[in-house]
Structures are given as structure tokens and as C-alpha cells.
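Inspection log for the structure reproduced underneath, given as C-alpha cells.
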Amino acid sequence: MKPVPQTHIITADCPSRPGTVDVVTRFLYEQGFYINEIHSFDDTAEDRFFIRIEFRSDTETEFNRENFCQEFEQRAGEFEMQWQLASSSYKSKVVIMVSKHDHCLNDLLYRYRTGDLDIEIPAIISNHPDLKELAKWHGIPYYHLPISKETKPEQEAKVWQIIQDCEADLVVLARYMQVLSSDMCEKLAGKAINIHHSLLPGFKGARPYYQAYDRGIKLVGATAHYVSDDLDEGPIISQGVETVDHCYYPQDLAAKGRDIECLTLSRAVRCHIEHRIFMHGKKTVVFSK
Ligand SMILES: Nc1nc2c(c(=O)[nH]1)N[C@@H](CN(C=O)c1ccc(C(=O)N[C@@H](CCC(=O)O)C(=O)O)cc1)CN2
């Protein structure tokens with residue numbers, strides 16, 4: 001039976017120098033691959049080059065990952081490229097953590113159920129029981145792990161065990177309202193995304209809509225970022241914003257913000273699972289579709 005053309009993704013970054021696009025595209029051409037999509041960025045301020053290429057094989061031959069990697073490393077090594085190869089057909093395993101707010105979880109579950117987000121959700125973890133029925137309706141295991149200052153280490157150990165048992169590729173804090181410990185942040189570095197309900201760096205921490213109301217803002221926003229030990233200071237992935245005015249009380253800001261949070265978070269999750277995000281110091285490079 002004719003193999004279905006597999007699509008693969010190369011992501012690479014290296015010191016800036018001429019020939020960095022050519023070394024990748026020429027290799028793919030010589031190997032008989034067809035490029036579907038290409039993005040590159042040369043950060044002249046930091047002398048760092050980034051490239052993402054989606055490619056497919058139209059030939060009958062099966063893709064030999066080991067041979068590909070050996071051959072490509074010989075070329076990429078000359079340019080000091082840090083690179084990864086991924087397959088588009090792989091379904092990322094995403095563990096979602098929540099507290100009581102359900103809008104972001106509900107939106108992610110809708111996108112998962114309809115195939116808009118091509119992911120697996122092996123577990124939902126919460127410090128409250130409120131969203132158990134929503135998980136049950138989707139047939140997803142729900143772990144109610146209450147937390148207090150005293151039980152935080154024990155609770156996080158259970159969370160980490162679930163994440164490992166699920167072999168999670170990504171953890172999404174979908175309005176999970178607990179600060180993760182330094183140890184947890186270290187374990188989840190680069191694979192935990194949080195949605196903060198303000199336009200960071202503005203209004204960090206708890207109750208940002210109340211902070212925003214007190215400040216008389218004219219724009220309400222949300223920020224999806226990687227989780228770091230420094231609360232709400234992790235590399236920003238995606239942001240959304242809408243106009244508001246003096247008529248908006250905190251509950252009105254929260255209502256307007258809910259849709260922004262959902263769209264911003266799902267956009268960030270999609271970029272992560274499609275390998276569109278590069279860590280670049282305290283920032284990111286994101287090659288959106
Ligand atoms: N280490 C990190 N943990 C978390 C981050 C992060 O960036 N780094 N993001 C938060 C989400 N968040 C804002 O988006 C946030 C959540 C909770 C708090 C907070 O002060 N929580 C209190 C308890 C509140 C409650 O029980 O309702 C606390 O933890 O003492 C601030 C910001 C998720 N975690």
C-alpha cells in the first residue's frame with residue numbers, strides 16, 4: 001500500500017552567519033523532500049538565527065529518521081545549529097490544571113473534542129472538585145488534589161507523579177490559581193503554559209481585573225506565557241486585547257476577558273504543539289501560521 005506522505009518539522013537555531021537557510025533547504029532538496037512551510041528570523045541584536053521548516057516526502061520510500069538525523073547533523077554541526085526533528089502526526093499529550101474557573105478548560109475541551117486541537121488529554125488536575133463533571137462528560141480522568149500551605153509539597157508530588165505517568169508533553173495551567181514551587185517550575189521548564197488574565201507585564205499576581213479596574217484601563221487583555229519561578233514573568237507566547245472604558249466594573253472586565261483568555265491560551269497551545277515557539281532568553285520567537 002502506498003505510504004501516506006509524512007510531514008515532518010525541523011526547528012533549528014544557531015549563531016547568525018550567511019548560508020544558514022541554504023544549509024537546511026539544500027539538504028532537504030538533496031534528500032528528495034518537499035518544503036510545505038518555512039519561517040526564519042535573524043535577530044541582529046543578539047546575532048541569533050532561527051528557522052522552522054515543515055517538509056514532506058512524496059516518494060514511495062519510508063522515512064528513515066535515524067539516517068536523516070545522522071546526515072543532517074553533519075551539515076548542521078558546521079553551523080553550530082541546535083536542532084530538533086518532530087513529526088506532524090504525533091499527538092501531544094496535554095495535562096490540564098484548573099481551579100474553579102471553567103471557561104478556559106471548557107474551550108480547550110471543545111477544541112479537543114472537535115479536533116481543532118489535535119491533542120490527547122490524559123488527565124485534568126484540580127485543587128477543587130467543581131469541574132469534575134465537565135471532565136467526566138469528556139471521559140477524561142479528573143484528579144481532585146486539594147492544596148494548602150502545609151500540604152503543598154505533598155500535593156505537588158502527586159501532581160508530578162500524574163504528569164510523569166501520563167508522559168505529558170505539555171502542562172496547561174487553565175486558570176489554575178496556585179503558585180507552583182521552584183522545584184515544580186524547574187521540572188516543568190519549557191513545558192508548562194499559563195494563561196494570565198491581564199496584559200503582562202501589567203497587573204501581575206492575583207485579581208488582575210480588580211487591579212485593572214482600580215487603574216482605569218482602556219484595554220483589557222490576557223497573556224499566555226511559559227511558567228517560571230518568577231510569578232507571571234515567564235517568556236510570553238501570545239497576548240490578546242480588547243477595548244474597554246469607564247463603564248466596565250470588575251465583573252464586566254472579567255466577562256470581556258474570558259473570551260480573550262480562551263483565544264489567547266488556545267493559540268499558545270497550538271503554537272507549542274506545532275513546534276512554532278523558540279525560547280530566546282527571557283523572550284520567545286513564535287512562527288505563527
Ligand atoms: N511559579 C508559578 N506559578 C504559577 C504561575 C507562574 O507564572 N509561576 N502562574 C499562576 C497563575 N496566576 C496568574 O496567572 C496566579 C495564580 C495564583 C496566584 C496566587 O496568589 N495564588 C494564591 C492562592 C489564591 C487562591 O487560593 O485562590 C497563592 O498561591 O497563595 C497568583 C497568580 C499559576 N501558578
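Remember, it's 1-based here, ligands and their atoms both numbered in the order they're listed. Side-chain atoms are counted along with the backbone in the values below, which use heavy atoms only and exclude waters and symmetry mates.
Between Phe63 and Phe33, the distance from one ring center to the other falls under 6.0 angstrom.
Salt-bridge annotation for Lys191 and Asp169: absent, with no side-chain N of the basic residue lying under 4.0 Å from a carboxylate O of the acidic one.
With a 6.0 Å cutoff to the six-membered ring centre and a 45° limit on the axis angle, Arg17 counts as a cation-pi contact of Phe79.
For Lys158, the side-chain contact (heavy atoms from CB on, under 4.5 Å) partners are Leu145, Glu154, not counting sequence neighbours.
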_side-chain hydrogen bond (donor to acceptor under 3.5 Å, both in side chains) evaluation trace for Thr7 with Arg56_ = CA-CA 4 Å; Thr7 300; Arg56 71 174 189 270; over 6 Å; no
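Closer than 4.0 angstrom to ligand 1 by heavy atom are Leu173, Tyr176, Met177, Gln178, Val179, Leu180, Cys185, Asn194, Ile195, His196, Gly205, Ala206, His225, Val227, Ser228, Leu231, Asp232, sorted by chain and number.
Partner Ile277 forms a side chain to side chain contact (heavy atoms under 4.5 Å, CB included) with one of Val286, Val285, Thr11 and no other, that one being Val286.
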